[in-house]
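Written out below as structure tokens is the structure these notes cover.
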Amino acid sequence: MSTAVTAAGNGSPSAAPKLTILNMLGIFGLFSFMAEFTIMTPSIAAFSAHFDGTPFTTIMLANTITGVIGIPMSILAGATVNKIGYRPMAIVGALIMIFGGAFPFLMPDLAEYWPVIFSRILVGVGYGLIFPLGGAFFILYFKGKKRSQLLGAGIMVQFGFAILFSLVAGMLTDIAWNYSFLTYLISLVPFVFVAAFLPEAKHLGAEADKAKAAAQAGTIKQKIPHATYAYIVVFGLVLWMMYIVVNFLASIILGERGIGDAGAAGLMASCFCLGNVASGLLFPHAVGFLKSRTFGVFGIIAAAGLVVAYLSDSVMMYGTGAFLIGLGGSTVYVAAQNSIGNISPKPRVPFTNGLLTAAMNLASFFVAYWITFGQEALPSFGTGAPMVIGAAIVAVTSVVCLFIPFKGIRMGIAPGTSEETA
């Protein structure tokens, strides 16, 4: 096939360069780097054993610090990418992630935990630079059904790689605790496509600069709607923290209940990711059919998944719960991302998408403390107590969402917005 689409950036009437199939592969390559959160998940129990005496919250810090560092970096990326350029930012971020994440493999006899944390800090820097870019490309270049399809496809790529990462990391962890870090080297393959084919979007930046100048002159209002922040806090921070508990507790609960090892924990992370892949397939159809009820219906599915995971007495049952959480949670998250893209002024889309990313990263940081809190608040429910509390919070929020119109998501499917390009 030849060129795929013609994009007009930021609603400008001027024609933008065409995106080829190879350009699209470069953009999708960005989504593979967003799957890094699964790499350490199967290794948590192994890290606890190797670094005996290190507090659980410190062990988890190596996983969650990535999100903390990613917060300012993703905001910075969203705010400056129109000046720096998409390609250089993506290339630098990818290289930092790959080699910053892999180097602890060279330290098998490591006794101190801080180098592992430092490695994850480097991953967070690269992660924050890359994360806002993929979604911003699709939001800026497309609208309506095409945007929904591509955002869903991006999620499929992201969690397809997450399945691969979690399975490989689980198998490598069974060899030795430090082998899991080799998983980062898989990303050298999509890096080639990013470096070679990712389109440069500085023309979007030029349009954004013009729009900002006009806004400063008082001719155009470029304020971010208040609803954007509600989407970010509720769906990017609070609910996402409820969902990812299933991954963080997998290796511990499976071992505690005698139903699986690190390899099985990697498989559970893959089930969560498989649910996200299914979400990517279903998303454009779900939004078209359910419209604003997408948030409520799929939130209830995620809540049911949390209950199933908590009650599980087998790997299959835990995996089923993880799948449902991934399916429901990812659909709600992408619906929020799409809504934010619909209501945000075009020049501010990279920034608002960066804020949503920052909220997701912050959720990954807080989850370790959320787990500790949940276990102390409901000790009778054991290690999985945070799942019980999370199921209740997600269920109540989802029922409320059934009665909210969510104009943002409806804007993307309203008559007259079905064009492929923005």
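Computed from a predicted structure; not experimentally measured.
Counted within 6.0 Å of CE on M317, heavy atoms from surrounding residues, nucleotides or ligands total more than 12; the atom is thus considered enclosed.
Ring-plane geometry between Y231 and F235 is classed as tilted, the angle between the planes lying from 30 to 60 degrees on a 0 to 90 degree scale. The aromatic rings of F51 and F47 sit perpendicular, their planes meeting at an angle over 60°, well past the 30° parallel limit. Using cut-offs of 30° and 60° for the angle between ring planes, the H50 and W177 rings count as parallel.
Under a 3.5 Å cut-off, the side chain of T58 and the backbone N or O of T54 do not form any donor-acceptor pair. Under a 3.5 Å cut-off, the side chain of S344 and the backbone N or O of I340 do form a donor-acceptor pair. The main-chain N or O of V246 is found under 3.5 Å from a side-chain atom of Y318 such that the two form a donor-acceptor pair. For N342 (side chain) and N338 (main-chain N/O), a donor-acceptor pair under 3.5 Å exists by modelled atom type. In this structure, the side chain of T397 does not engage the main chain of V394 through any donor-acceptor pair within 3.5 Å. With hydrogens and angles ignored, the 3.5 Å screen pairs a side-chain donor or acceptor of E200 with a backbone N or O of R87. In this structure a side-chain-to-backbone donor-acceptor pair under 3.5 Å is missing from S119 to P115. Looking at R257, its side chain does come within 3.5 Å of a backbone N or O of S312 through a donor-acceptor pair.
Distance check, rounded to the nearest 0.5 Å: CG of L282 to CG of L290 gives 10.5 Å. Separation of atoms CE (M242) and CG (L239) is listed at 7.5 Å; rounding is to 0.5 Å. Remark: L182 CG to I39 CD1 distance equals 10.5 Å, nearest 0.5 Å.
Considering every non-hydrogen atom in both A62 and I65, the closest pair reads O-CG2, 3.7 Å. The shortest heavy-atom contact between A286 and F298 is CB-CE1, 3.6 Å. The minimum heavy-atom distance between L198 and A90, with the atom names listed, is CD2-CB, 3.6 Å. Minimum heavy-atom separation, S180 to T173: CB-OG1, 3.4 Å. Here the closest non-hydrogen pair linking V315 and A264 is CG2-CB, 4.4 Å.
Among residue pairs with one or both ends in residues 89-112, those qualifying as ring-ring contact (aromatic ring centres under 6.0 Å, His included) are F105-Y179; sequence neighbours excluded.
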Return all side-chain donor-acceptor pairs below 3.5 angstrom for residues 325-333, not counting sequence neighbours, or 'none' if the list is empty.
| unit_1 | atom_1 | unit_2 | atom_2 | d |
| --- | --- | --- | --- | --- |
| S330 | OG | N276 | OD1 | 3.0 |
| T331 | OG1 | S279 | OG | 2.7 |
| T331 | OG1 | L327 | O | 2.7 |

Can you give me every donor-acceptor pair (side chain of residues 368-381, partner residue at least two apart or in another chain, under 3.5 Å) with its distance?
| unit_1 | atom_1 | unit_2 | atom_2 | d |
| --- | --- | --- | --- | --- |
| T372 | OG1 | A368 | O | 3.1 |
| Q375 | NE2 | T383 | O | 3.0 |

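A distance below 6.0 Å separates the ring centres of F295 and F406. Taking the six-membered ring for Trp and the full ring otherwise, the centers of F137 and Y86 sit less than 6.0 Å from each other. Residues F138 and F28 bring their aromatic ring centres within 6.0 Å.
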Task: W240 and I244: CA distance, side-chain angles, deciding distance, side-chain contact (heavy atoms from CB on, under 4.5 Å) verdict - done: CA-CA 6 Å; W240 191 256; I244 59 177; 3.3 Å; yes
- [ ] Could you check I343 against K407 for side-chain contact (heavy atoms from CB on, under 4.5 Å), going step by step and ending with a plain yes or no?
- [x] CA-CA 9 Å; I343 65 177; K407 295 180 180 179; over 6 Å; no
- [ ] Could you give me the CA-CA distance, side-chain angles and deciding distance for I186 and I98, then say whether side-chain contact (heavy atoms from CB on, under 4.5 Å) is met?
- [x] CA-CA 8 Å; I186 295 174; I98 292 170; over 6 Å; no
- [ ] Go through the steps for M268 and L254 under the test side-chain contact (heavy atoms from CB on, under 4.5 Å), then give the verdict.
- [x] CA-CA 10 Å; M268 294 307 95; L254 294 183; 3.6 Å; yes
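Looking at L106 and F181, their side chains never come closer than 4.5 Å, going by heavy atoms from C-beta outward.
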